[in-house]
Amino acid sequence: MSLGSPLIRYWYHPSPQMVGESVEAFLREMAGPTLIHIPGRDRSRARAICTLLHGNEPSGTRALFRFLQEGIEPAVDLLCFFGSVQTALQEPLFFYRHLPQERDLNRCFREPFDDPQGRLAKAILDILQELNPEALIDIHNTSGMGPCFAVSMKQDPAHDALTSLFTERMLVTGLKLGALFEYSERNVPTVTIECGGAQDPRADQIAYEGILRYATREDVLTPVDADWDLEILREPVRLELREDASITYSEAEDVYADITLPPDVEHHNFGRINPDVALGWVKPESWDKLIVHTPAGVDVKDKVLKLEGNRLYPAQALKLFMITTNATIAKSDCLFYAVTDNGSHLA
Ligand SMILES: [Zn+2]
């Protein structure tokens, strides 16, 4: 079969012996971006899994390694993409999200595709288009600790069903950042699964069990687990930091930082936070360095956050998630996502 991409190694049906003795050996065998194609009982259909778009998020790779070692035959053909293999292989293993000189691969699934990361993203999209899977799952880990959740552009029975294979919590967002789950726009049900923290063994287990269901069920697009009531979080907004903002994680305010958050701030992940709970400190003159926009670009910062003196509070009861305690991610991506606790719109 010709896949028309020299950027991605095509590896058809490796045997359990061929994938190596360890995840590290498996990565070394792949050596770069790879598509592993596992034939299923029904050769007329295919489902896709992508993982390792971020080099420091190992759960999907570990789960697929285990799946391959066990030699399980999927219900339909399984197309497994491994993105940032070289990044993951940089010592120490699974350390870099992306290499310092490269763009974040999961922000590259839209034009322009004119740098190495963009070309790799485009190659993945082209292969998906050619092989036309009936569904796509993109497996990640969160940067901090926290529970598993799915991210989807759409909420409908197919996206609910895919989510339910892994978790009972789903974020629905129209925010377009060039992430792979935006592939939903091409009418292929697609969800991102954030399995939980990269260092959390439960995240590996969640990824494995979800992949097992995804790979072995005859039908993954009709909701069956009616006992799993999905918690839907709609239209989250992101707290972003202006380029010149400085952020520190400390128990006490750092007078040299624009923003100080306590090191355990991620314990707020997915819990309800009332407006009387202080989130951290912001220097009043640095308030402009915090940015909260809706996907349409409307400034809703005053509906999400308030500053009393130099103490930062929620402006109303909120749910926060993907709170990061990694200052680099806080600055280059976002500090957290937020929705109102009652599901009302922020726009
Ligand atoms: Zn990720």
Side-chain angles (χ1 to χ4, degrees), residues 23 27 33-34 48-65 80-90 92-100 102-110 117-118 120-121 124-125 136-153 162-163 166-167 169-171 173 175-184 190-208 210-211 233 236 238-240 266 269-270 320-337:
V23 171
L27 286 173
T34 299
I49 301 175
C50 190
T51 197
L52 209 59
L53 290 180
H54 293 140
N56 60 346
E57 299 179 6
S59 288
T61 302
R62 288 183 183 142
L64 283 169
F65 172 69
C80 309
F81 292 87
F82 299 83
S84 302
V85 175
Q86 285 141 338
T87 307
L89 278 167
Q90 291 285 316
L93 207 66
F94 292 121
F95 180 77
Y96 294 98
R97 180 181 171 96
H98 56 90
L99 296 178
E102 289 181 337
R103 285 198 292 153
D104 178 335
L105 183 55
N106 204 26
R107 298 288 178 269
C108 295
F109 289 93
R110 63 167 176 192
Q117 296 288 80
L120 175 57
I124 293 172
L125 292 173
L136 169 61
I137 300 273
D138 180 22
I139 298 181
H140 289 253
N141 291 99
T142 43
S143 61
M145 297 296 278
C148 181
F149 60 95
V151 188
S152 172
M153 277 192 75
L162 290 176
T163 294
F166 291 84
T167 176
R169 195 175 276 119
M170 178 157 107
L171 314 184
T173 175
L175 203 60
K176 289 192 192 154
L177 301 168
L180 182 57
F181 73 87
E182 295 159 30
Y183 200 72
S184 273
T190 303
V191 295
T192 292
I193 303 295
E194 296 280 356
C195 295
Q199 312 309 330
D200 186 347
R202 283 172 303 179
D204 296 345
Q205 190 63 24
I206 286 167
Y208 174 77
I211 286 172
L233 302 160
R238 292 152 51 91
L239 170 55
E240 296 177 34
E266 63 186 352
N269 261 326
F270 288 106
L320 306 184
F321 43 89
M322 288 190 84
I323 305 169
T324 187
T325 50
N326 178 323
T328 307
I329 291 174
K331 282 202 63 180
S332 64
D333 193 37
C334 74
L335 190 50
F336 57 66
Y337 289 72

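Positions are given from 1 along the sequence. For clarity, every value in this text was computed on a predicted model and none was experimentally measured. Both counts, for ligands and for their atoms, begin at 1 and track the order of listing.
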If I consider every N, O or S atom in [X], which one ends up closest to the Zn ion (ligand 1)? I only need its name.
| X | value |
| --- | --- |
| His140 | ND1 |
| His54 | ND1 |
| Glu57 | OE1 |

Backbone of His140 reached by a side-chain donor or acceptor of Glu57 within 3.5 Å: no
Ring centroid separation Phe149 to Phe270 under 6.0 Å: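 Here the rings of Phe270 and Phe149 have centres that are less than 6.0 Å from each other.
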Gap between atom OG of Ser152 and atom CD of Glu182 - 0.5 Å precision: 11.0 Å
Residues Asn106 and His54: side-chain donor-acceptor under 3.5 angstrom: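 The answer is no; no qualifying pair exists.
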